Amino acid sequence: MTNFNDEPEGVRLQKVMAAAGVASRRVCEDFITQGRVKVNGKVVTELGTRINPEVDKVTVGGTPIQLDNSRVYLALNKPRGVVSTMADENGRPDLTQFVIGYDRVFNVGRLDSETTGLIIMTNDGDLAHKLAHPKFGVTKTYVARVEGVVTPSIIHKLLSGFELEDGFIKADKAHIVDVQPEESLVEIVLHSGRNRIVRRMFDFVGHPVVGLVRRQFGPIQLGPLKEGRVRELSKIEVGALLKAAEGKQERAPRPPKGQKAAPRQKRR
């Protein structure tokens with residue numbers, strides 16, 4: 001933060017916040033005088049404070065604010081049969097078809113071609129790195145339809161962990177959703193991003209996956225978004241995602257009501 005009260009440099013904090021979509025400038029001024037705003041970790045209460053939006057970090061009520069309006073954050077419900085890449089060298093259906101019109105966005109992490117569900121798309125490289133790297137502890141929630149009757153002892157095994165060919169793995173959380181005579185439905189939460197890790201875990205415990213969907217990535221929920229559709233994340237969701245990328249737990253905000261998904265795009 002640079003306090004340029006005596007110099008005509010920088011941009012007034014409340015103006016930057018309003019431009020970022022936090023609230024009206026008047027309400028942003030109230031947030032500042034109430035001590036709810038921090039710049040680079042320090043509480044700011046002076047309305048004359050000026051900042052450099054390209055360098056300084058602003059939080060409101062502990063939630064980071066994205067000041068760069070060129071950043072794009074999208075939620076995609078990936079259909080089955082689509083590979084998680086922006087350009088597949090083998091000519092298979094990829095993610096590009098869903099984000100035509102958005103500037104240079106790319107996927108955060110991957111889902112195998114047979115897995116459906118939530119993929120975050122963005123042009124924010126720093127955030128993407130933190131969300132994808134397991135050391136930051138951002139969890140992903142899956143619902144797996146698996147063969148056979150899953151018992152509490154299997155859930156205990158998933159939670160206790162075991163060795164796979166590429167190292168030790170265990171679920172952060174897991175519980176049985178439903179059990180039928182020949183199949184079970186299990187919700188499992190992991191922060192690992194290893195290749196096909198959910199499928200390999202269930203293979204190891206003797207219950208191969210027959211259907212898999214990712215329902216949540218960090219604080220972002222898939223919600224009612226239909227397969228093959230994409231929507232822009234709300235300001236609240238972006239703030240929660242930025243907070244999660246710093247290793248801080250954030251309550252999952254509800255997907256915004258009444259926000260229509262972008263029209264289905266076709267490859268040009």
Side-chain angles (χ1 to χ4, degrees), residues 71-134 136 138-147 164-167 169 171 185-204 207-218 220-233 237 241 244-245 255 261-268:
R71 298 301 186 189
V72 176
Y73 304 92
L74 307 171
L76 166 68
N77 188 346
K78 187 190 83 67
R80 182 175 285 103
V82 175
V83 294
S84 296
T85 181
M86 300 307 293
D88 183 63
E89 59 184 14
N90 297 317
R92 295 171 296 180
D94 57 42
L95 301 175
T96 308
Q97 61 187 300
F98 305 111
V99 292
I100 295 172
Y102 291 102
D103 185 27
R104 299 180 181 178
V105 298
F106 52 89
N107 49 298
V108 179
R110 295 171 179 262
L111 293 176
D112 66 70
S113 63
E114 294 306 301
T115 298
T116 65
L118 180 60
I119 286 186
I120 302 297
M121 308 285 290
T122 186
N123 57 4
D124 187 336
D126 181 62
L127 176 67
H129 167 72
K130 291 179 179 178
L131 292 177
H133 202 293
F136 291 96
V138 180
T139 58
K140 300 95 178 174
T141 301
Y142 303 83
V143 176
R145 184 163 54 91
V146 303
E147 294 180 5
L164 295 178
E165 63 273 14
D166 55 354
I169 188 67
L185 207 59
V186 179
E187 183 178 272
I188 183 169
V189 179
L190 300 166
H191 67 270
S192 171
R194 284 191 258 172
N195 186 42
R196 297 176 66 86
I197 189 61
V198 176
R199 294 180 185 273
R200 291 192 288 132
M201 290 176 73
F202 279 105
D203 282 342
F204 185 89
H207 294 274
V209 170
V210 294
L212 185 61
V213 58
R214 183 157 69 189
R215 303 295 304 178
Q216 190 166 331
F217 192 128
I220 306 305
Q221 302 178 65
L222 181 62
L225 189 64
K226 295 181 179 179
E227 283 192 17
R229 305 305 293 270
V230 66
R231 68 173 179 85
E232 296 183 8
L233 299 186
E237 288 178 306
L241 205 55
R264 186 186 298 273
Q265 302 281 3
K266 293 183 179 180
R267 188 186 299 277
R268 293 174 179 172

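All figures in this text were calculated on a predicted structure; none of them were measured in a lab.
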Can you name the nearest heavy-atom pair linking [X] to [Y], along with the distance?
X: Ile220; Y: Leu118; answer: O-CD2, 3.2 Å
X: Gly228; Y: Leu76; answer: C-CD1, 4.4 Å
X: Val72; Y: Asn123; answer: N-OD1, 2.8 Å
X: Phe98; Y: Pro79; answer: CZ-CD, 3.7 Å
X: Glu147; Y: His207; answer: O-ND1, 2.7 Å
X: Ala144; Y: Leu212; answer: CB-CD1, 3.7 Å

Any side-chain heavy-atom pair of [X] and [Y] under 4.5 Å:
X: Leu190; Y: Thr139; result: no
X: Thr122; Y: Arg71; result: no
X: Thr116; Y: Lys78; result: no
X: Phe136; Y: Leu131; result: no

Worked verdict on Asn107 versus Met86 for side-chain contact (heavy atoms from CB on, under 4.5 Å): CA-CA 8 Å; Asn107 49 298; Met86 300 307 293; 3.9 Å; yes
Ile188, Ile169, Asp112 screened by side chain to side chain contact (heavy atoms under 4.5 Å, CB included) with Ile197, the one that passes: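 Per the side chain to side chain contact (heavy atoms under 4.5 Å, CB included) rule, the option paired with Ile197 is Ile169, out of Ile188, Ile169, Asp112.
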side-chain hydrogen bond (donor to acceptor under 3.5 Å, both in side chains) assessment of Arg80 paired with Thr115: CA-CA 6 Å; Arg80 182 175 285 103; Thr115 298; over 6 Å; no
What distance separates [X] [atom1] from [Y] [atom2], expressed to the nearest 0.5 Å?
X: Tyr73; Y: Glu232; atom1: OH; atom2: CD; answer: 12.0 Å
X: Leu241; Y: Phe217; atom1: CG; atom2: CZ; answer: 7.5 Å
X: Ile120; Y: Leu127; atom1: CD1; atom2: CG; answer: 9.0 Å
X: Thr141; Y: Gln221; atom1: OG1; atom2: CD; answer: 9.0 Å
X: Asp166; Y: Ser192; atom1: CG; atom2: OG; answer: 8.0 Å
X: Ile119; Y: Leu111; atom1: CD1; atom2: CG; answer: 4.0 Å

Check against side-chain contact (heavy atoms from CB on, under 4.5 Å), Met121 and Leu95: CA-CA 9 Å; Met121 308 285 290; Leu95 301 175; 4.1 Å; yes
Heavy-atom donor-acceptor pair, Gln216 side chain to Gly218 backbone, under 3.5 Å: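 Answer holds: yes.
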More than 12 heavy atoms from other groups under 6.0 Å of CZ on Arg104: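 Atom CZ in Arg104 is not crowded, with 12 or fewer foreign heavy atoms closer than 6.0 Å.
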Thinking salt bridges, do [X] and [Y] make one under a 4.0 Å N-O criterion?
X: Arg215; Y: Glu187; answer: no
X: Lys130; Y: Asp126; answer: yes
X: Glu237; Y: Arg231; answer: yes

With sequence neighbours excluded, residues passing ring-ring contact (aromatic ring centres under 6.0 Å, His included) with His129: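 His133.
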Contacts of type ring-ring contact (aromatic ring centres under 6.0 Å, His included), residue Phe106, not counting sequence neighbours: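 In terms of ring-ring contact (aromatic ring centres under 6.0 Å, His included), with neighbours along the sequence ignored, Phe106 is linked to no residue.
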Test log, rule side-chain hydrogen bond (donor to acceptor under 3.5 Å, both in side chains), inputs Asp94 and Thr96: CA-CA 6 Å; Asp94 57 42; Thr96 308; 3.2 Å; yes
Side-chain H-bond candidate by donor/acceptor type, Arg110 with Thr85, under 3.5 Å: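 No, Thr85 and Arg110 have no side-chain donor paired with an acceptor closer than 3.5 Å.
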